[in-house]
Peer 1: 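Structure incoming, see below.
Note that the coordinates shown come from a computational prediction; the quantities given were computed from them, not determined experimentally. Each ligand, and each atom within it, is numbered from 1 in the order the structure gives.
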Amino acid sequence: MKKLFIISFLFITLLSCKDVINEIPQNPFLITPYSFSYNTSLLPPPRIPSDNPLTEEGVQLGRMLFYDPILSSDSSQSCNSCHNQANAFTDNNNQFSVGVKGTVGKRNSMAIFNLMWHIDGFFWDGSADILRHQAIQPIIDETEMNETIDHVIMKLNRSPLYKEHLQKAFLESTFDEKIIGKALEQFMLSIVSSNSKFDRVMLGLESFTDEEKVGQVIFNSESIPLKDEVDPNNPQNFGADCFHCHGNSLFMRREFLTNGLSDNGDKGLGDVTGNPNDNYKFKTTSLRNIEKTAPYMHDGRFKTLEEVVQFYLSDMNASSAVDLSDSPNLHALKDSVYLSPEHKKALISFLKTLTDESLLTNEKYSSPF
Ligand code: HEC
Ligand code: HEC
């Protein structure tokens, strides 16, 4: 079996007739290179760790593990329990997730898509360096799946079905922690979201409504602090300045930042690094599929997008846990933006164009069982 070499890379034709290659270094252990099907004029080329190139077999094994309660101590919970596809892989609108022992966590579950373009820093506080290390944490976390790695390995090694898939994917005969991490990493990296109305408008296949167009301008324009200077006919004059932190085609900035939330005792990155300059910095998440991932922020404090917009455009000033004048990114927002109720509505309409219905239903990402 080890003599199996890949002889060819798979080229696939996409919507735009552009080719995407999962750039895999020559590796005798691979069987079928995984082929991505997204449009490269919308999102960057694949970014895959060189020591874990994606294969169809590896992604499939990871998908099985993701949906299998075998990873939890009482077989009641899979990754999917708190990362449901219909909610862009977040936890069914729950503010906090409930683990196998009935314990409640303190952070809101995070969406899983386009992870291959994230910075190496997972969880709201960046406490996991790379994805395959992240993937082990929920298994052993007492407040989540509450299992031991040794026990998971034993259960998997006992299963003829898993042994068969392990052999196909990694040409190995026994599971270990590294392989479990790598398989889950492969499946999660394979999840791509790039088929929202926004994307189709970018490709010239659809058009925004007038309201969505105004919302897009507001999203992408800096705010003008002084209400007196506002020209009510020009949305560029009262932008909401979202693009500085949630811009580009991924709708996220690959940084841990503070966005002026009030203190709830969670210092985020600061608690991980111990550096006071990192206090209240959290992962700047993508706004793609944001309509489906309520509630919002690391502690799920806002139930609706209306509440989020209200926070950014007025409440933030009064309550911020950090001095906003020290934060150049929030400078434009700090003196408040003047948005009429219609413009707030337009901004939210634009955010809703980022919903990718195909992500929520794509069988490639759904349960294999
Ligand atoms: C009990 C609910 C629960 C289960 C089960 C669970 N997760 Fe999560 N997941 C969360 C929560 C809550 C967070 C955010 C935690 C934090 O930042 O402290 C999270 C964060 C993540 C992230 C970080 C995303 C990012 O952008 O940084 C990934 C990836 C992830 N989970 C994958 C998994 C995988 C893989 C499994 C199964 C092995 C799993 N989760 C099981 C609740 C859960
Ligand atoms: C200074 C950078 C910055 C700016 C400007 C900014 N954001 Fe954010 N945004 C963040 C960070 C950081 C988070 C994560 C904060 C947390 O949970 O602690 C976030 C979180 C969010 C969330 C919740 C994401 C989730 O997964 O729960 C939404 C929605 C959001 N921002 C929308 C917007 C909108 C709309 C604007 C413009 C009005 C905007 N943001 C402007 C940095 C920013």
Side-chain angles (χ1 to χ4, degrees), residues 62 65-69 71-72 77-83 88-91 94 96-100 103-115 118-119 121-128 131-132 134-141 143-147 152 180-181 184-185 187-188 218-219 223 239-247 251-253 255-261 264 266 268 280-287 289-291 293-302 305 307-309 311-313 316 321 324 327-333 337 339 344 347-348 350-351:
L65 291 171
F66 190 89
Y67 281 97
D68 198 337
L71 298 188
S72 62
Q77 209 168 46
S78 66
C79 308
N80 162 65
S81 306
C82 307
H83 297 283
F89 293 96
T90 57
D91 189 358
N94 293 323
F96 300 119
S97 306
V98 180
V100 297
T103 37
V104 181
K106 61 170 184 161
R107 299 222 180 102
N108 185 231
S109 173
M110 302 176 83
I112 297 179
F113 59 80
N114 297 350
L115 294 191
H118 282 208
I119 36 161
F122 292 92
F123 292 125
W124 284 107
D125 58 7
S127 56
L131 195 52
R132 78 191 70 150
Q134 181 287 324
I136 300 300
Q137 292 311 309
I139 304 175
I140 58 176
D141 190 324
T143 65
E144 298 188 6
M145 301 164 108
N146 188 37
E147 184 49 298
V152 169
I180 297 170
L184 282 165
E185 177 173 83
F187 172 61
M188 291 195 282
I218 292 173
F219 184 92
S223 65
D241 201 7
C242 312
F243 74 106
H244 269 130
C245 302
H246 301 284
F251 287 88
M252 66 178 185
R253 189 153 136 183
E255 259 180 88
F256 287 78
L257 296 171
T258 175
N259 66 343
L261 292 172
N264 70 344
D266 187 344
Y280 307 107
K281 286 186 180 168
F282 290 89
K283 189 161 176 170
T284 314
T285 40
S286 171
L287 297 190
N289 302 300
I290 199 72
E291 182 188 7
T293 68
Y296 303 108
M297 306 299 166
H298 64 272
D299 55 3
R301 66 177 70 187
F302 300 128
L305 287 173
E307 285 179 33
V308 171
V309 167
F311 154 73
Y312 274 114
L313 302 182
M316 181 174 75
L324 296 180
S327 172
N329 300 310
L330 286 171
H331 188 74
L333 274 172
V337 203
L339 279 196
K344 288 181 183 166
L347 176 59
I348 292 169
F350 171 67
L351 292 177

Peer 1: Just jot down the ligand 2 atoms closer than 4.0 angstrom to any heavy atom of T285, in number order.
Peer 2: 24 (C), 25 (C), 26 (O)
Peer 1: Among the N/O/S atoms of H246, which is closest to atom 8 (Fe) of ligand 2? Give the atom name.
Peer 2: NE2
Peer 1: Run the numbers for me: atoms of ligand 2, each under 4.0 Å from some heavy atom of L257, listed by number.
Peer 2: 12 (C)
Peer 1: If the cut-off is 4.0 Å to any non-hydrogen atom of C82, which atoms of ligand 1 fall inside it?
Peer 2: 1 (C), 2 (C), 3 (C), 4 (C), 5 (C), 42 (C), 43 (C)
Peer 1: Report yes or no: does L287 have a heavy atom closer than 4.0 Å to ligand 2?
Peer 2: yes
Peer 1: Report, in ascending order of atom number, the atoms of ligand 1 lying under 4.0 Å from any heavy atom of S78.
Peer 2: 5 (C)
Peer 1: So which bit of F256 gets within less than 4.0 Å of ligand 2, heavy atoms only: side chain, backbone, both or neither?
Peer 2: neither
Peer 1: Give a yes/no on ligand 1: does G105 have at least one heavy atom closer than 4.0 angstrom to it?
Peer 2: no
Peer 1: Would you tell me which option among F123, F66, Y67, F89 has the nearest heavy-atom contact to atom 20 (C) of ligand 1?
Peer 2: F123
Peer 1: With heavy atoms only and a cut-off of under 4.0 Å, state how N108 meets ligand 2: side chain, backbone, both or neither.
Peer 2: neither
Peer 1: So for S109, does at least one of its heavy atoms come nearer than 4.0 angstrom to any atom of ligand 1?
Peer 2: yes
Peer 1: Report whether any nitrogen, oxygen or sulfur of H83 sits less than 2.8 Å from atom 8 (Fe) of ligand 1 (N, O or S, backbone or side chain).
Peer 2: yes
Peer 1: Give a yes/no verdict on whether any heavy atom in V98 is under 4.0 Å from an atom of ligand 1.
Peer 2: yes
Peer 1: Distance under 4.0 Å to a non-hydrogen atom of Y296: what atoms of ligand 2 satisfy this?
Peer 2: 23 (C), 27 (O)
Peer 1: Between D241 and Y312, is any side-chain donor less than 3.5 angstrom from a side-chain acceptor?
Peer 2: no
Peer 1: What atoms of ligand 2 come within less than 4.0 Å of a heavy atom belonging to I290?
Peer 2: 24 (C), 29 (C)
Peer 1: Does even one non-hydrogen atom of G126 get within less than 4.0 Å of ligand 1?
Peer 2: no
Peer 1: Counting N and O atoms only, with roles assigned by atom type, does the side chain of T284 sit under 3.5 Å from a partner on the main chain of E255, one being a donor and the other an acceptor?
Peer 2: yes
Peer 1: Report whether any nitrogen, oxygen or sulfur of T284 sits less than 2.8 Å from atom 8 (Fe) of ligand 2 (N, O or S, backbone or side chain).
Peer 2: no
Peer 1: With heavy atoms only and a cut-off of under 4.0 Å, state how S127 meets ligand 1: side chain, backbone, both or neither.
Peer 2: neither
Peer 1: Below 4.0 Å, non-hydrogen atoms only: which portion of L65 touches ligand 1? Side chain, backbone, both or neither.
Peer 2: neither
Peer 1: Tell me whether W124 has any N or O atom under 3.5 angstrom from an N or O of ligand 1.
Peer 2: yes
Peer 1: Judged on heavy-atom distance to atom 39 (C) of ligand 2, which of Y312, F350, Y280, F243 sits nearest?
Peer 2: Y312
Peer 1: List ligand 2 atoms under 4.0 Å from D241, heavy atoms only on the residue side.
Peer 2: 5 (C)
Peer 1: Has T258 got any heavy atom lying under 4.0 angstrom from an atom of ligand 2?
Peer 2: yes
Peer 1: So if I count the atoms of ligand 2 from 1 in the order they appear, which ones are less than 4.0 Å from some heavy atom of L261?
Peer 2: 16 (C), 18 (O)
Peer 1: Tell me which one of M110, M145, R107 gets a heavy atom nearest to atom 12 (C) of ligand 1.
Peer 2: R107
Peer 1: Any atom of ligand 2 sitting under 4.0 Å from a heavy atom of H244?
Peer 2: no
Peer 1: Out of M252, E185, M188, whose heavy atom sits nearest atom 35 (C) of ligand 1?
Peer 2: M188
Peer 1: So is T293 in contact with ligand 2, going by heavy-atom distances below 4.0 Å?
Peer 2: no
Peer 1: Under 4.0 Å from any heavy atom of A240, which atoms of ligand 2 are there?
Peer 2: 37 (C), 38 (C)
Peer 1: When you look for heavy atoms under 4.0 Å from ligand 1, do you find them on the side chain of P138, its backbone, both, or neither?
Peer 2: side chain
Peer 1: Going by the atom numbers of ligand 1, which of them fall below 4.0 Å from some non-hydrogen atom of L131?
Peer 2: 29 (C)
Peer 1: Could you tell me which atoms of ligand 1, counted from 1 in the order shown, lie closer than 4.0 angstrom to a heavy atom of A135?
Peer 2: 38 (C)
Peer 1: Which of the atoms of ligand 2 are close to H298, meaning less than 4.0 Å from one of its heavy atoms?
Peer 2: 16 (C), 17 (O), 18 (O)
Peer 1: Just heavy atoms, cut-off under 4.0 Å: does F282 contact ligand 2 by side chain, backbone, both, or neither?
Peer 2: both
Peer 1: Do any heavy atoms of K283 fall under 4.0 Å from ligand 2?
Peer 2: yes
